[in-house]
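Okay, so here's the structure we're looking at.
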Amino acid sequence: MEINETHPFDLAPAEAVRLQETLRKRISLSGDIDEVTLLAGADASYAKGSNEIHAVVVVLRYPDLTVVERVSASIETSFPYIPGLLTFREGPALLEAFRRLRSEPDVIFFDGQGIAHPRGLGIASHMGVLLDRPTVGVAKSLLVGTVTEPGPARGSTSPVLRNGETIGMAVRTKERTKPVYVSVGHRIDLLSAVDLVLATARGYRLPEPTRQAHLFANTVRREGDRGERQTSLPSG
DNA sequence: GCGACAG
DNA sequence: ATCTTGTCGC
């Protein structure tokens, strides 16, 4: 798909922080997604001692969740993992994967935070602005904010608070399983994001787009890019 | 200064 | 995130 804009990623941490504070102002916390037909999950994987990031994007048709396209991109990185600056490590590889994508997903799920971030610009929000697409952050743990344990039933939610403001939602996607933390990335509202996550979490803790991206990213890291393309095309 | 800290 | 085998529970 078309990347709306980009910027240098090889910045010093202090400069990266300044860039986040600027980009943050362009996030939209609402959106009108009249019909979701294609959902995408994006994720990255890498070997312990290596600086090569393997990023992937997997597109699924909604609501059947059939995988219709998978792309990957492996890129060398020098930026280390620093809490709050994850985008500067995984961003370049993810953007290259998106450039190779033919589909135009209606909503994209990312592994990590949306606005539930120290400067309100987690990887889902950052990528959302650069792609100019609706994005959602689906994290397995919290970076900032506080939350009370949601109820035990699947579908239970509990707001993630920060300074009295709701910045995300803890969502129980599966019974007897730790919740995931959903936050708005860009151009979507929190309730719609939570609904989509619950609608696509089928039998596992992680929603299918994210889960499929995880699986494919690991395959690419272990077996390399096999030049895989779409397995089918979206039909009416 | 100390502890916390997405992936 | 990754390194790693088996193991306990649903």
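Because only heavy atoms are used, hydrogens play no part in the values below, and waters and symmetry mates are left out as well, while side chains stay in. Naming convention: chains lettered A, B, ... in sequence-line order (proteins, then strands); numbering from 1 in each chain. All values derive from a computational prediction rather than experimental measurement.
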Once pairs are restricted to Watson-Crick or G-U wobble with both distances under 3.5 Å, how does DNA chain B read as a dot-bracket string, [ ] for crossings and | for other-strand pairs? .......
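Atom C1' of nucleotide C:dA1 and atom CZ of A:Phe88 are separated by 19 Å, given to the nearest angstrom. We find that OH of A:Tyr46 is positioned 8 Å from P of C:dA1, with the value rounded to whole Å. The separation between A:Phe216 atom CZ and C:dA1 atom C1' is 18 Å, rounded to whole Å. Residue A:Arg162 contributes atom CZ, which lies 13 Å from atom C1' of B:dA4 at whole-angstrom precision. The distance between atom NE2 of A:His54 and atom P of B:dG7, rounded to the nearest whole Å, is 19 Å. Atom NE2 in A:His126 sits about 18 Å away from atom P in B:dG7, given to the nearest Å. As a whole-Å value, the separation of A:His214 NE2 from B:dA6 C1' is 11 Å. Counting to the nearest Å, the C1' atom of B:dA6 and the CZ atom of A:Phe110 are 14 Å from each other.
For C:dA1, the OP1/OP2 oxygens have no side-chain nitrogen or oxygen of A:Asn218 closer than 4.0 Å. Look at A:Ser141 and you won't find any side-chain N or O under 4.0 angstrom from OP1 or OP2 of B:dC5. Between A:Lys140 and B:dA6, a side-chain N or O to OP1/OP2 separation shorter than 4.0 Å is absent.
Under the 4.5 Å side-chain criterion, counting only non-hydrogen atoms from C-beta, A:Phe9 is in contact with A:Thr87.
Salt bridge A:Glu96/A:Arg99: present, at least one basic N to carboxylate O contact under 4.0 Å. Under a 4.0 Å N-O distance rule, the pair A:Arg24/A:Glu21 does not qualify as a salt bridge.
No donor-acceptor contact under 3.5 angstrom links the side chains of A:His186 and A:Ser125, judged on distance only. A side-chain donor-acceptor contact under 3.5 Å links A:Arg221 and A:Ser45.
Checking C:dT2, B:dA6, B:dG7 against every side-chain atom of A:Asp111, the shortest atom distance belongs to B:dG7. In this structure, the nucleotide among B:dG7, C:dT2, B:dA6 sitting nearest to the side chain of A:Asp43 is B:dG7.
Rounding to the nearest 0.5 angstrom, the gap separating the CG atom in A:Asn4 from the CZ atom in A:Arg133 is 10.5 Å.
A:Leu142 comes within 4.0 angstrom of the backbone, heavy atoms only, and of no base. Here A:Arg221 lies in heavy-atom contact (under 4.0 Å) with sugar-phosphate atoms only.
Stem regions for DNA chain C, meaning three or more consecutive Watson-Crick or G-U pairs with both distances under 3.5 Å, do not exist: the list is none.
The 5' end of DNA chain C is approached more closely, in terms of each residue's nearest nucleotide, by A:Ser45 than by the other of A:Arg176 and A:Ser45.
Taking the ring centroids of A:His126 and A:Phe88, they lie under the 6.0 Å cut-off.
Taking a 4.0 Å limit (strictly below) on heavy-atom distances, residues 76-87 of chain A reaches DNA chain B at A:Tyr81, A:Pro83, A:Gly84, A:Leu85, A:Leu86.
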Using side chain to side chain contact (heavy atoms under 4.5 Å, CB included), reason through A:Val197 and A:Phe109 one step at a time and then give a plain yes or no. CA-CA 9 Å; A:Val197 166; A:Phe109 286 4; 4.1 Å; yes
If you apply the rule side chain to side chain contact (heavy atoms under 4.5 Å, CB included), what do you find for A:Ile167 with A:Val144, and how did you get there? CA-CA 9 Å; A:Ile167 59 174; A:Val144 295; 4.1 Å; yes
Where do A:Leu60 and A:Gln212 land on the side chain to side chain contact (heavy atoms under 4.5 Å, CB included) test, with the steps shown first? CA-CA 9 Å; A:Leu60 299 79; A:Gln212 292 300 328; 4.2 Å; yes
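Of the possible donor and acceptor atoms, none in the side chain of A:Arg187 sits under 3.5 Å from a partner among the backbone N and O of A:Gly128.
Figure legend: A:Arg89 and A:Tyr46 shown as a cation-pi pair, the cationic atom lying under 6.0 angstrom from the six-membered ring centre and within 45 degrees of its axis.
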